[in-house]
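Hydrogens, waters and symmetry mates play no part in the numbers below; they use all other heavy atoms, side chains included. Indexing begins at 1, ligand by ligand and atom by atom, following the structure's order. Along the sequence shown, residues are numbered consecutively beginning with 1.
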Amino acid sequence: MAAKLIDGKAISAKVKEEVRDEIKQGNLKIGLAVIIVGDDGASRIYVNNKKKACEFCGINSFEYALPEHTSEAELISLIDKLNNDAAVNGILVQQPLPKHINQSVVNAAISPNKDVDAFHSENVGHIVGGDFKFLPCTPAGVMRMLEAENIDVCGKECVVIGRSDIVGKPMALLLLHKHATVMICHSRTKNLAEVTARADVLVSAVGKVGLVTADMVKPGAVVIDVGMNRDEDGKLCGDVAFDEVKEVASLITPVPGGVGPMTIAMLMKNVLTAKKLEQK
Ligand code: GUN
C-alpha cells in the first residue's frame, strides 16, 4: 500500500495563518531583514519565497542583495546597522555565503535577539539545553509536521542522515527533547542501509539525489525528506527515491511541497518571537 503524503503546503499555511492572526490582533509592526550575497540561483528562490510569506503575514521585509565580491567587513557593518535598527526584528543572512566570508563570524555578529535562524552560538546553546528562544527553522518545521500527523516520537528509533549545523545536528536535538532514541548518520557511517532500516522515523538532510532507496526503509516508517536537489532533467527533487520508498513507508513528505514550505513558515514564527522578545 502506498504511503500517505504529509502535506507541507497545507500545514505551513496553517502556521502562517496563526502568525498573521497574532500580528493582526496585536497590531504589531514587525520587520525582517534578509541579506543575500552573490548570485546563487536556489538562494534567490528561497529569498523570494520568504518575501511572499512576509507579505502574507503582515511582516515588513527588507531585502539586501549584495554583490559576490562584498567583503566580510562590509557585510558585518550592514549587520551592525540592522542590529541597531528598531524597524528590524529579525536578521537572516542567506546561506551559502561566498567562500571568502566566514560563516561563524557572520553568525556571531547577529544580535542573539534578532537571530531568527538560531545560528548564533548563544541560541545554539539554548537549543542544546532545550530552553530555546528561537527554534531552528527546518528542524522545527519537521517537528511541526510530525505533530500535525499525531506522530509521537517518544521511545521511537529516529535516524537523521546528515550532520549539518543547519539541519542534522539541531534535528537530532529536537527529536531527543521529545524523548526519541536518535542516531545521526553521515558520509563516514558504515552500513548506512542497516542503520536506516531500523528507523521508525527517517529524516534525510544530505542533498544527494536518490540517496534513500526502498531497501533502506523499514516497512511502515515515516520518511521525511529535507533534500532539495535537481535531478538530471533539472526537476526539483529530494534525497529520497520517492516512487519506490512511498511503497514501503506509511507516511512520506514530497519534494516540492514538503519540508520546504515548513521552513519558511517557522521562520515567520521566529520573526514574531523576535518582536515579542523586544517587547519584554
Ligand atoms: N540556506 C538554506 N537554508 C537556509 C536557512 O534555513 N537559513 C539560511 N540563512 N540560509 C539557508
(message) So Met268 and Phe56, do their side chains get closer than 4.5 Å, heavy atoms only?
(response) no
Less than 3.5 Å apart, N/O on ligand 1 and N/O on the protein: could you list those pairs with the distances?
from: ligand 1; atom 1: 1 (N); to: Gln94; atom 2: NE2; distance (Å): 3.1
from: ligand 1; atom 1: 1 (N); to: Gln95; atom 2: O; distance (Å): 3.0
from: ligand 1; atom 1: 7 (N); to: Asp117; atom 2: OD1; distance (Å): 3.0
from: ligand 1; atom 1: 7 (N); to: Asp117; atom 2: OD2; distance (Å): 3.4
from: ligand 1; atom 1: 9 (N); to: Val93; atom 2: O; distance (Å): 2.8
from: ligand 1; atom 1: 9 (N); to: Asp117; atom 2: OD2; distance (Å): 2.7
from: ligand 1; atom 1: 10 (N); to: Gln95; atom 2: N; distance (Å): 2.9

More than 12 heavy atoms of other residues, nucleotides or ligands under 6.0 Å from CZ of Arg198: is that the case? no
In short, Arg44 meets Ala65 closest at the heavy-atom pair NH1-CB, 4.4 Å
Check: Between Glu74 and Ser77, is any side-chain donor less than 3.5 angstrom from a side-chain acceptor?
Finding: no
Note to self: Evaluate Ser111 against Asn113 for side chain to side chain donor-acceptor pair (under 3.5 Å), listing each step before the verdict.
What the structure shows: CA-CA 5 Å; Ser111 161; Asn113 282 344; 5.2 Å; no
- Check whether more than 12 heavy atoms from other residues, nucleotides or ligands sit under 6.0 Å from atom CG of Asn27, and answer yes or no. no
